[in-house]
Amino acid sequence: MQNAYSTTNGNNIVEFTTSKSAEKLADERKTSFLQTKPQKETIYIIKKDGTKEEYNIQKIINAVNKSAARMLVKLTDEDLKEICDFVTNKVNQRTGDTVEIAEMHNIVEGALEYLNPKVAQSYRNYRNYKQDFVSMLDKVYQESQRIMYIGDKENSNADSTLVSTKRSLIFNELNKELYKKFFLTVDDLQAIRDGYIYIHDMSARRDTMNCCLFDVAKVLEGGFEMGNLWYNEPKTLDVAFDVIGDIVMAAASQQYGGFTVAEVDKILAPYAEKTYNLRYNKYICLGLSFEKSREEALKDVQKDFEQGFQGWEYKFNTVASSRGDYPFITVTTGLGTGEYEKMATLAMLKIRMGGQGKKNNKKPVLFPKIVFLYDEKLHGEGCISEDLFEAGVACSQKSMYPDWLSLSGEGYVAEMYKKYGRVVSPMGCRAFLSPWFERGGMEPADENDKPIFVGRFNIGAVSLHLPMIYAKAKKESKDFYEVLDYYLELIRKIHKRTYDYLGEMKASVNPLAYCEGGFYGGNLGIHDKIKPILKSSTASFGITALNELQRLYNGKSIAEDGEFALEVMKYINKKTQEFKAEDGILYAIYGTPAESLCGLQIQQFRKKFGVVENVSDRGYVSNSFHCHVSEDITPIEKQDSEKRFWDLFNGGKIQYVKYPIAYNKDAIKMLIRRAMKMGFYEGVNLSLSYCEDCGHQELNMDVCPKCGSKNLTKIERMNGYLSYSRVKGDTRLNDAKMEEIKDRVSM
């Protein structure tokens, strides 16, 4: 009978089967190569600092195992024996009883080169780690000093004045350098240093996933375990709010990017009904009539809804995650037509519209971002939920949220809803999942197969800098698409390595997601690898500066022309579809929001190609497929211009226009309904300003006209999300983004 046996050597697990006992086999292995000795009596290794150390074969085993692990290679027991025999034989052939450490490295490299060149390269890259780490840590130190004493404005959702945020930012700098050192190839590094591609969130990509649609309802059902403590499923609405808040904060801390709770009205409704039944029975027992008991019970439910949403606003805007920022929480709502579902939506909009703060000095919060799911059959004129639409418009008019997602217009998202009844909620500000079918995977198994969206996620985005790539092709007299293909392949390889790397993670890294059902298929044991769950995730090719690409091509903007930009996007879509079929990975095209990247890409372009009019003469590039913010066009013209690109960015997109209409509710309603017919995910863009001294508020003021104070808080649309352009007179935004905001006409 065969027995399975495994042993740990360094970071590597060597597994094999044998008919012998594990104990006897371990003894044989120990004598076979773990204690391999040179023929000479004693051999010493001369270290870099000049000290001597007795030759120890175990150190070689540890080193080669680590090198193999970095390349996702698993050395067998036979491989290790071959390496040890090779090294020991070489040592025996030398004269004298000492070996310089540099020579020992060369011997080990020789053994690995013969066995596995990839592992040999990994060993070579790592052997001089001390020198590399000195340089790396010096860079991290310089960044830490800047963060400690100046601050950081790369992420407007992170308050870098706080000690906890500073610590997180400093760690992120170290993790980013480790990622570049041990994960990226030379070609990758060259591409990001030159600026042709940009790898988002390098500080987190080795650890976890990106944006997600977390399945809160699945976690709640029947109870769950969190932090070694069992949570029973809530029995009342107020407890449900508390528990969901805990789930969201805990799970969002284990990832980066947007965290969406989809159709929150439907999630909360069953707990509202439980509360109603408890309160109704209580009032009946107190002797109230049926009608009065119902009235009082509904008042209690309404109160719990309002207090619950207010509690979320407090928690999500004041309690930073372990990443140091405020988690990017999004909720979608509006489809529920039941009594408690509509009550949930109306209560959430009421609380957001009312704002938070001191009496007579309230302003809307940033989180959670609210997305209204619009169905013309429900929310159109005279329909059952027109009241929700009216409340949503009033809330957008007051606080810019909710954003609006069309489920009954044109395009991919509406198609999924109309054909399958499934909602593709945005993950965070704009990322969307590609369909993954319950039985067929990438393609439906048959006409009855349906796509699943809730419980899925993205594993990261890498953005192309198209104007840079075009300029490089022209400078080197190469075909643009040939150069573009090179960078598309580079991103493809990065995504494939990311899938492989993350697949080795254990479910224990995020128990709520992988063990308690937060992610699709997330019923793993804590020691199971998460690789099976990754198959339904997406990986994004990001696009920035499409407007500047068109400018570079023929001097015209997207609003003026756009045909070349369209041609390029059709080509990129075609290529990624080919990659998807070949690799079995859900690649998606993502309109990059570019918060700090908008300025970095200008610096990179200027360094290589100088200042080009309407391309790099401003301090920022345009986001995604959007018209330039300074374009003097109407909201309708902007909607029409950007509609051409809408179906070419199904992995991430949003459309927004500046509503230069003050508090004209009818005009806002008209533009929203128009956007919904076009199938848009639409953002209402105003510039909200609040005086912290007297409480006066109006659109886009820099000095309070009432009291003359400059102590203002201003809320602007960053990209697909809102942010503070000023907080009590100061700003959390970088200089490039502030320049863009100053130039805004159509956005």
Side-chain angles (χ1 to χ4, degrees), residues 4-18 20 22-134 136 178 181-183 185-186 206 500-501 504:
Y5 181 74
S6 66
T7 185
T8 302
N9 290 319
N11 288 339
N12 192 52
I13 304 296
V14 180
E15 297 179 344
F16 48 91
T17 58
T18 178
K20 302 178 182 180
E23 293 80 8
K24 185 173 181 181
L25 182 59
D27 289 340
E28 289 186 6
R29 292 181 67 255
K30 190 174 182 181
T31 57
S32 66
F33 67 92
L34 293 180
Q35 288 190 331
T36 300
K37 293 280 189 182
Q39 294 172 2
K40 299 169 185 177
E41 195 169 303
T42 306
I43 291 291
Y44 291 97
I45 307 300
I46 307 299
K47 309 291 285 183
K48 288 181 180 179
D49 61 2
T51 61
K52 293 182 180 181
E53 184 177 280
E54 190 173 347
Y55 176 82
N56 183 352
I57 199 69
Q58 182 63 55
K59 289 201 169 186
I60 294 171
I61 293 169
N62 292 342
V64 297
N65 272 320
K66 289 176 182 177
S67 298
R70 285 191 293 274
M71 302 305 292
L72 301 178
V73 172
K74 193 174 187 178
L75 296 177
T76 66
D77 196 47
E78 291 75 17
D79 293 335
L80 292 172
K81 185 178 188 309
E82 189 173 343
I83 292 167
C84 293
D85 287 346
F86 180 93
V87 173
T88 300
N89 288 336
K90 288 292 183 182
V91 169
N92 284 331
Q93 292 170 14
R94 295 187 76 268
T95 58
D97 61 353
T98 61
V99 183
E100 294 284 343
I101 187 66
E103 185 177 354
M104 179 58 71
H105 283 317
N106 290 334
I107 293 172
V108 175
E109 283 178 30
L112 291 173
E113 195 68 56
Y114 173 78
L115 184 73
N116 190 317
K118 286 173 59 179
V119 178
Q121 182 62 46
S122 174
Y123 184 86
R124 255 191 306 276
N125 291 341
Y126 196 70
R127 62 179 290 186
N128 295 320
Y129 74 95
K130 289 186 178 179
Q131 291 90 328
D132 292 340
F133 267 64
V134 168
M136 183 190 302
L178 292 172
K181 173 64 180 172
F182 297 116
F183 190 87
T185 67
V186 173
R206 292 189 313 146
D500 289 340
Y501 191 93
E504 296 299 308

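Keep in mind it's a predicted model, so treat the numbers as computed, not measured. Position 1 is the first residue of the sequence; numbering continues from there.
- A donor-acceptor pair is defined here as one N or O able to donate and one able to accept, closer than 3.5 Å; no such pair exists between the side chain of Thr51 and the backbone of Lys47.
- In this structure, CD1 in Ile60 is found 12.0 Å from CG in Asn65, a value given to the nearest 0.5 Å.
- Scanning all heavy atoms of the two residues, the minimum distance from Ile43 to Gly96 falls at CD1-O, 3.9 Å.
- Separation of atoms CD1 (Ile107) and CG (Leu112) is listed at 12.0 Å; rounding is to 0.5 Å.
- Contact detail for Ala120 and Glu109: the closest heavy-atom pair is CB-O, 4.2 Å.
- Salt-bridge annotation for Lys81 and Asp77: absent, with no side-chain N of the basic residue lying under 4.0 Å from a carboxylate O of the acidic one.
- From Lys59, atom NZ reaches atom CD1 of Ile57 across 12.5 Å, with rounding to the nearest 0.5 Å.
- A pairwise comparison of heavy atoms in Glu504 and Leu72 identifies CG-CD2, 4.3 Å as the closest pair.
- Put simply, CZ on Arg124 and CG on Asn106 are 9.5 Å apart, with the number rounded to the nearest 0.5 Å.
- The distance from atom CD of Gln121 to atom CG of Asn116, rounded to the nearest 0.5 Å, is 11.5 Å.
- In plain terms, the two heavy atoms of Glu82 and Tyr114 that are nearest each other are OE2-CE2, 3.3 Å.
- Taking each heavy atom of Lys118 and Met71 in turn, the nearest pair found is O-CG, 3.7 Å.
- For Asn89 and Gln93, the side-chain atoms include no donor-acceptor pair closer than 3.5 Å.
- In plain terms, the two heavy atoms of Ile83 and Ala111 that are nearest each other are CG2-CB, 4.2 Å.
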Step-by-step side-chain contact (heavy atoms from CB on, under 4.5 Å) determination, Val64 to Leu75:
CA-CA 9 Å; Val64 297; Leu75 296 177; 4.1 Å; yes
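- Annotation: Tyr44 is not in aromatic contact with Tyr55 [ring centroid separation under 6.0 Å not met].
- Inspection of the Asp79 and Thr76 side chains reveals an N or O donor paired with an N or O acceptor under 3.5 Å.
- Atom CD1 in Ile45 sits 8.0 Å away from atom CD in Glu53 (nearest 0.5 Å).
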